[in-house]
K.L.:
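Input: one structure, supplied below.
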Amino acid sequence: MNEIVVVSGSASINFGINLAKGLGSRLAVVEASRYPDGECYVRIPDDLTGDTVVLVQTTYPDECIIELFLTVDAVREFDIERLILVVPYFGYARQDKKFKSGEAVSARALTRHLQIGVDTFLTVDIHEEKILGMFEIPARNITAMREIGAFLSPLQPDLVLAPDQGAVELARIAADELGCSWDYLEKTRLNGSNVVMKPKNLQVKDLNVAIVDDIISTGGTIATAAEQLRDQGATKIFAACTHGLFAKDGLDRVKSICTGVFATDTIKNSARALSAAPAIVEALRSELS
Ligand code: R5P
């Protein structure tokens with residue numbers, strides 16, 4: 001039968017459920033387990049023959065990458081119509097070039113392998129959009145910032161702020177959804193956990209501000225931006241991101257200064273407050289029409 005089937009890997013079950021609901025399609029959850037030596041076992045408990053398969057699996061943490069490769073192999077055991085791979089969070093997208101001789105270009109290494117056996121690739125708020133040009137198959141980035149903007153709406157932010165210039169388009173999209181203004185800060189990273197930001201006179205006194213970013217990892221970026229806003233008299237500061245990595249004490253660090261911290265379901269995390277799947281549903285509708 002040519003039906004659309006969402007096949008969800010173990011890293012993206014919530015996302016897969018929401019995707020299948022939004023598409024009104026069948027859902028097959030991958031049976032994934034580990035052998036005593038830690039190697040991965042994968043089985044798809046469904047017949048996918050003749051179907052258009054939408055496989056969903058985030059590439060974080062590392063073991064999910066192996067599970068994904070095995071799942072593509074398992075999907076291809078069936079005589080399917082087409083395989084669309086949705087990677088809600090593209091791990092390893094933060095190194096798209098070589099800084100020192102001898103380094104791996106991790107984003108390129110991932111793209112080379114992710115496209116094997118796949119017809120079309122979709123991801124959400126990839127850290128660097130030009131990585132998509134490394135694929136030899138059609139590859140698209142879909143933003144979840146409209147969903148984030150709609151989620152933040154009841155909190156009535158007066159301003160959406162990007163913590164650096166790289167996130168300015170995300171802030172613009174969220175602000176557009178909210179019907180409010182947007183701005184950005186200038187960030188310089190000192191090391192893995194610490195950043196500095198150029199002071200900027202933001203006129204945020206007595207305003208509610210939402211800081212949005214693609215990723216919150218150690219929380220250093222958002223915490224530094226929030227400190228600047230607090231010192232300039234902002235009333236409430238909200239932090240929202242697509243990908244809630246929250247490395248080390250990242251979530252507590254952001255919570256200690258922000259009124260609310262929100263992330264989507266592209267990665268399993270304890271600040272998950274909304275789903276990014278509706279953005280992919282819309283993209284798939286146009287992809288499949
Ligand atoms: C960097 O350019 C990204 O957009 C994020 O701002 C960054 O990954 C956040 O990392 P952290 O939370 O560790 O500051």
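For ligands, and for the atoms within them, numbers begin at 1 and follow the listed sequence.
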K.L.:
Do Thr221 and Lys187 pair up side chain to side chain, a donor and an acceptor below 3.5 Å, judged on atom types alone?
P.N.:
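Yes, side-chain donor-acceptor contact under 3.5 Å.
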K.L.:
Answer yes or no: is there a donor N or O on one side and an acceptor on the other, between the side chain of Lys236 and the main chain of Pro157, under 3.5 Å?
P.N.:
no
K.L.:
Report each N/O pair between ligand 1 and the protein that falls under 3.5 Å, naming both atoms.
P.N.:
from: ligand 1; atom 1: 4 (O); to: Asp213; atom 2: OD1; distance (Å): 3.1
from: ligand 1; atom 1: 4 (O); to: Asp214; atom 2: OD1; distance (Å): 2.5
from: ligand 1; atom 1: 6 (O); to: Lys187; atom 2: NZ; distance (Å): 3.1
from: ligand 1; atom 1: 6 (O); to: Asp213; atom 2: OD2; distance (Å): 2.5
from: ligand 1; atom 1: 10 (O); to: Arg189; atom 2: NH2; distance (Å): 3.4
from: ligand 1; atom 1: 12 (O); to: Ser217; atom 2: N; distance (Å): 2.8
from: ligand 1; atom 1: 12 (O); to: Thr218; atom 2: N; distance (Å): 3.2
from: ligand 1; atom 1: 12 (O); to: Gly219; atom 2: N; distance (Å): 2.8
from: ligand 1; atom 1: 13 (O); to: Thr218; atom 2: N; distance (Å): 2.8
from: ligand 1; atom 1: 13 (O); to: Thr218; atom 2: OG1; distance (Å): 2.6
from: ligand 1; atom 1: 14 (O); to: Arg189; atom 2: NH2; distance (Å): 3.1
from: ligand 1; atom 1: 14 (O); to: Thr221; atom 2: N; distance (Å): 2.9
from: ligand 1; atom 1: 14 (O); to: Thr221; atom 2: OG1; distance (Å): 2.5

K.L.:
Using a distance-only test with no angle check, is there a side-chain donor-acceptor pair under 3.5 angstrom linking Thr71 and Gln57?
P.N.:
no
K.L.:
What residues, two or more places apart in sequence or in another chain, satisfy side chain to side chain contact (heavy atoms under 4.5 Å, CB included) together with Asp231?
P.N.:
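Expected list: none.
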K.L.:
Establish, yes or no, whether the cationic atom of Lys268 lies under 6.0 Å from the six-membered ring centre of Tyr89 and within 45° of the ring axis.
P.N.:
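Cation-pi check for Lys268 and Tyr89: fails.
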K.L.:
Determine whether the side chains of Thr143 and Asp125 contain a donor N or O and an acceptor N or O closer than 3.5 Å.
P.N.:
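A pair is found: one side chain offers a donor N or O, the other an acceptor, under 3.5 Å apart.
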